[in-house]
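Every heavy atom of this structure was used, including side-chain atoms; hydrogens, water molecules and symmetry mates were not. Letters A, B, ... mirror the listed sequences (proteins, then strands); counts begin at 1.
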Amino acid sequence: MKILICISNVPDTTTKIKLTGDNKAVDLANVQWIINPWDELALTRALELKENTANAIDKVTVITVGNAGAEPTIRKALAIGADNAIRVNTDPKDAWLVATQIANAVKSENFDIILCGIESSDYNGSAMGGMLSEMLDLPSVSSVSKIEIEGAKVKVNREIAGGFETVEPSLPFVAIVQKGIAKEPRIPSMRGIMMARQKPLTVLEPVAADALTGFVNYEPPMPKAACKMVDADNVAQLVDLLHHEAKII
Amino acid sequence: MNKILIYTENFDGKFKKSTFEAVCYGVEIARQAGTEAIALSIGDVAESELINLSKYGVARILTCNNPMLSTLDNQAYAAVISQVAKSEGAGIVVFSASNTSKAVAPRVSVKLNAGLVFSVSGLPKSLNPFVVVKKVFHGKAFADVMIKSDVKVISIAQNSFGVRENTTEAVIESISAGFDTSAIKTKVTNVEKSTGKVLLNDAEVVVSGGRGMKSPDNWKPLEELAELLGAATACSRPVSDEGWRPHSEHVGQTGKIVAPNLYFAFGISGAIQHVAGVSSSKFIVAVNTDKEAPIFQAADYGIVGDVQKVLPPLIEAVKKLKSEV
Amino acid sequence: MNFDFTEEQLMIRQAARDFAKKLEADVIERDTNGIYPSHHIREMSELGFMGMLVDPKYGGGGMDNISYVLALEEIAKMDAATAVIMAVHNSLPCYGIETYGTQEQKDKFLPSLVSGEKIGAFLLSEPEAGSDASRQKTLAEDKGDYYLVNGTKNWITSASTGSIYILFAQTNPEKGHEGINALIVEKDTPGISIGPHEDKMGLRSSDTHSVMFTDVKVPKENRIGADGFGFKFAMKLLEGGRIGIAAQALGIAVGAYERSLQYSKERKAFGKVISLHQAIAFKLADMAVKIENARNLVLKAAWLKDNKKPYGLASAMAKQYAADIAMEVTTEAVQIHGGYGYVKEYHVERLMREAKITQIYEGTSEVQKIVISRSILRD
């Protein structure tokens, strides 16, 4: 079996988000880049599956769409344990463009399982994995919190309201994974970092494709308002505020 | 302008508020654009439930009630939705932002060559060009996103539009899946609904108690509130140090760092190290007898009062709300 | 000139930073109760931090000294006790055996040191020979095919958890320091007894003991270098070891500085966050400058070592400066934290206690100044 993990290169989740002076872009100077957390968990799970020799997984491949600046991120994926990496050399402008590039890069590679994180922690798009599965005409399961291989079969848990369903897809398929898929991401070891030097990192040139969406403007969030006080004799008003104003319950 | 197609998601045969919200949103865009809004339901939903959609202004309700579609298959659902979108000539397909739409909407967008924006937080800023707003970087900024394709797919963030009743005369039309459903490639083999406790790290809502709870025996109402809200329970450091609650519940700089959508601090003064552990929460509610307690500086909503007096009416009010939505 | 780190160096720093987050969870408890970080050391071994400089042919990481100091800084930032175990192990036994050992010694000892299965210790200090290491009282009598060792060593890091000792002892007292030999001694050799756990001011989570040798037989083949090479060997190792301790001291300072920065942006006094009070802002500025200086000295020393250039002066400067500013920065960090700084929960009081030892061990600040002044006066 061969597993592919699609990886986004995103700013560290603790990054303070600043906008450029004209609000046309997010200022990404001096940002620490990381593997998108959900993608990293997907990779962790893929490596766990590979380490269980009963699963007969020959290869764990990672792919990213990005410029040369994304290379440290994908090199880290190799250091953690992926066998090889592919980088499609173009700016990942939107999910459509990224899915198009990945679909093109892997359509003849016959991966059995393709793992994507449920969203990227930067633009929170939640679209790439679904688009990719459709472009490759493969079945997909989303909201996956567990994946197991039993012989030639793959079983996944899909989160639903109040619980989960166990789903068996026919292979090959795309799993769009969320928290829970693996316990915690791995730290690359010195040996892994050393071995990553030798592992193949293929750079592919992009196919012609357009983004279908574009970010035209940004706004900072509202500054935190002062605490709104509710009278202790009118507690129901708090629930009303949480429901109608905060829209949180 | 082309029609607006709203996918109306059901949960075990019932619609939820988020579904009606998507309907209201689609109907409003249709009104602005001078076109028609159509609802599409997939799966086993009774007519008596389907007709509820008309309360929110949608006049045509399509239902594809094929037994093979009683559980979600992303590919099959996307095929049905995109077929209807094509045959009806839809210009915008509207979803509510949910796990199902995360799975299906991107596939629909590919089938329709449509740009997709997930989790938009309000009506379009303009229809032509089509620009919507969404949160990015988990709410650290808002972005205006333009969809350049002819057909557009969007999903609506929960509670970003609200529901307004606008009852219309509606017709319900049954449609066929339009493809061989025996070819469906995923199979649901088991369903488990958990009744267990919500884990602190995963919780969307956290209900936390501090020394102001006065005694470990006073935790009952707090746990009841947590259960009502599907929340995890937590506590401040002094409480776990006293052994009132397990250490695993200790939230703060030296305990767990949490970032739920909603954090309730009951009887927690808000020492810096506690606030550091919860400051990424979207909303913080504080209840404390001391109006000078630092927790009120971090909180969005506050009540100055005794926790034991505030909790019972709060629980009642939440129960009342839950029975309404 | 180039101040950029390589992609790999940055990855190692990040790996150390990610690992160090786990140290934070129990650092206060370990410090309070003097608990050795066994499970952390095990994980550090798995990650390859316990033999990161050693040639991959012995199972090591084959990393450079820049990567090493970056990793040590990150670990010391959270937990200087764990950092010292790592620093001693890497800088002294691992580096010493790899650089000066025979092929047989390397094959025999390096793999288990590098895998972390065995932890190394460095036995130089004695009750009456601290800074003045040439006055070794411990004797290693030449008995033909073995040495017979008698004596006592003091303040030995990893004395009880470690199992491969680099021991210094006098074979020819009449030759002075040229009579000293360095021997590789396995802890389970008969005649070795370990004194009680030292109840220290700081680094309380690392194990420090005295070690007594009574008629301990050490095979001749365990001697490092020629007869009488011991003292020179010790000085060579300490030149490099100081880079590690300097990185540890730097990490302690950075830990205290970062916590102060964060605290001063949250804590309010007189109606505004304290970072807006010049008294605090200037303290932070002073800390930042000192740390930047120390970091440049540490990296320069590591760079010289990586590039096979003399680094003895640079490592003495780095060690003395980083240790002294670690003490200053941590003291100010407690001051910035006020009452909170004086309690354990905020970490800075611990960092202040930990900083003190960096001015003392592997050559006191005063000894570093001897090294520095001798070097600059020589020319």
Between [X] and chain A, with a heavy-atom cut-off of 4.5 Å, which part of the residue counts as in contact: side chain, backbone, both or neither?
{"X": "B/Val285", "result": "side chain"}
{"X": "B/Lys282", "result": "side chain"}
{"X": "B/Ala105", "result": "neither"}
{"X": "B/Ser149", "result": "both"}
{"X": "B/Ala97", "result": "neither"}
{"X": "B/Asn113", "result": "both"}
{"X": "B/Ala286", "result": "neither"}
{"X": "B/Leu72", "result": "both"}
{"X": "B/Val153", "result": "neither"}
{"X": "B/Glu316", "result": "neither"}
{"X": "B/Leu229", "result": "side chain"}

Inspect the surroundings of [atom1] in [X] and state if more than 12 heavy atoms from other residues, nucleotides or ligands are less than 6.0 Å away.
{"X": "A/Lys93", "atom1": "NZ", "value": "no"}
{"X": "A/Asp210", "atom1": "CG", "value": "no"}
{"X": "A/Asn30", "atom1": "CG", "value": "no"}
{"X": "A/Glu48", "atom1": "CD", "value": "yes"}
{"X": "B/Lys148", "atom1": "NZ", "value": "yes"}
{"X": "B/Asp150", "atom1": "CG", "value": "no"}

Among [options], which residue has the highest count of heavy-atom pairs closer than 4.5 Å to chain A?
{"options": "B/Ala114, B/Ser119, B/Gly162", "value": "B/Ala114"}
{"options": "B/Lys309, B/Gln297, B/Lys185", "value": "B/Lys185"}
{"options": "B/Ala76, B/Gly230, B/Gly305, B/Ala141", "value": "B/Ala141"}
{"options": "B/Arg107, B/Lys187, B/Lys135", "value": "B/Arg107"}
{"options": "B/Ala103, B/Gly302, B/Gly115, B/Pro312", "value": "B/Gly302"}
{"options": "B/Phe137, B/Phe118, B/Phe11", "value": "B/Phe137"}

Side chain to side chain contact (heavy atoms under 4.5 Å, CB included) between A/Phe173 and B/Thr186: does it pass, once the steps are laid out? CA-CA 9 Å; A/Phe173 90 113; B/Thr186 64; over 6 Å; no
Kindly indicate, with the supporting measurements, whether the criterion side chain to side chain contact (heavy atoms under 4.5 Å, CB included) is fulfilled by B/Asn99 and A/Glu159. CA-CA 8 Å; B/Asn99 281 348; A/Glu159 193 190 74; 3.2 Å; yes
What residues of residues 128-144 of chain A make heavy-atom contacts with chain B at a cutoff under 4.5 angstrom?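 The stretch touches chain B at A/Gly130, A/Met131, A/Ser133, A/Glu134, A/Met135, A/Asp137, A/Leu138, A/Pro139, A/Ser140, A/Val141, A/Ser142, A/Ser143.
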Are there residues of residues 110-123 of chain A that reach to under 4.5 Å of chain B by heavy atoms, and which ones?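 Within residues 110-123 of chain A, near chain B: A/Ile118, A/Glu119, A/Ser121, A/Asp122, A/Tyr123.
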Start with the C-alpha distance between B/Val110 and A/Trp96, add both sets of side-chain angles, then the distance that settles side chain to side chain contact (heavy atoms under 4.5 Å, CB included), and finish with yes or no. CA-CA 8 Å; B/Val110 171; A/Trp96 180 279; 4.1 Å; yes
Sort A/Ala236 into side chain, backbone, both or neither according to what part of it lies under 4.5 angstrom from a heavy atom of chain B.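 Its backbone and side chain both get close to chain B.
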Rounded to the nearest 0.5 Å, what separates atom [atom1] in [X] from atom [atom2] in [Y]?
{"X": "A/Glu245", "Y": "B/Asp300", "atom1": "CD", "atom2": "CG", "result": "9.5 Å"}
{"X": "B/Phe283", "Y": "A/Leu241", "atom1": "CZ", "atom2": "CG", "result": "10.5 Å"}
{"X": "A/Ile160", "Y": "B/Thr71", "atom1": "CD1", "atom2": "OG1", "result": "10.5 Å"}
{"X": "B/Phe264", "Y": "A/Leu238", "atom1": "CZ", "atom2": "CG", "result": "6.0 Å"}
{"X": "B/Leu112", "Y": "A/Leu212", "atom1": "CG", "atom2": "CG", "result": "11.5 Å"}
{"X": "B/Leu228", "Y": "A/Ile249", "atom1": "CG", "atom2": "CD1", "result": "10.0 Å"}

On a heavy-atom basis, which atom in [X] and which in [Y] lie closest, and how many Å separate them?
{"X": "A/Ala127", "Y": "B/Pro106", "value": "O-CB, 3.3 Å"}
{"X": "B/Ala299", "Y": "A/Cys227", "value": "O-CB, 3.4 Å"}
{"X": "A/Ile248", "Y": "B/Asn261", "value": "CD1-CB, 3.6 Å"}
{"X": "B/Val188", "Y": "A/Arg158", "value": "CG2-NH2, 3.7 Å"}
{"X": "A/Val239", "Y": "B/Ala317", "value": "CG2-CB, 3.5 Å"}
{"X": "A/Met229", "Y": "B/Ile303", "value": "CE-N, 4.1 Å"}

Taking every non-hydrogen pair under 4.5 Å, which of [options] racks up the most with chain B?
{"options": "A/Gln178, A/Lys155, A/Lys228", "value": "A/Lys228"}
{"options": "A/Ala211, A/Pro11, A/Ala99, A/Gly214", "value": "A/Gly214"}
{"options": "A/Gly180, A/Ser170, A/Ala226", "value": "A/Ser170"}

When you look at B/Val133 and A/Glu219, which way does the side chain to side chain contact (heavy atoms under 4.5 Å, CB included) test go after all the steps? CA-CA 10 Å; B/Val133 186; A/Glu219 274 165 46; over 6 Å; no
Determine yes or no for a side-chain-to-main-chain donor-acceptor pair under 3.5 angstrom, with B/Lys134 supplying the side chain and A/Asn124 the backbone.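 Judged by distance alone, yes, a pair lies under 3.5 Å.
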Derivation and outcome, salt bridge (charged side-chain N to carboxylate O under 4.0 Å, His left out), residues B/Glu192 and A/Lys146: CA-CA 13 Å; B/Glu192 271 180 49; A/Lys146 188 178 171 191; over 6 Å; no
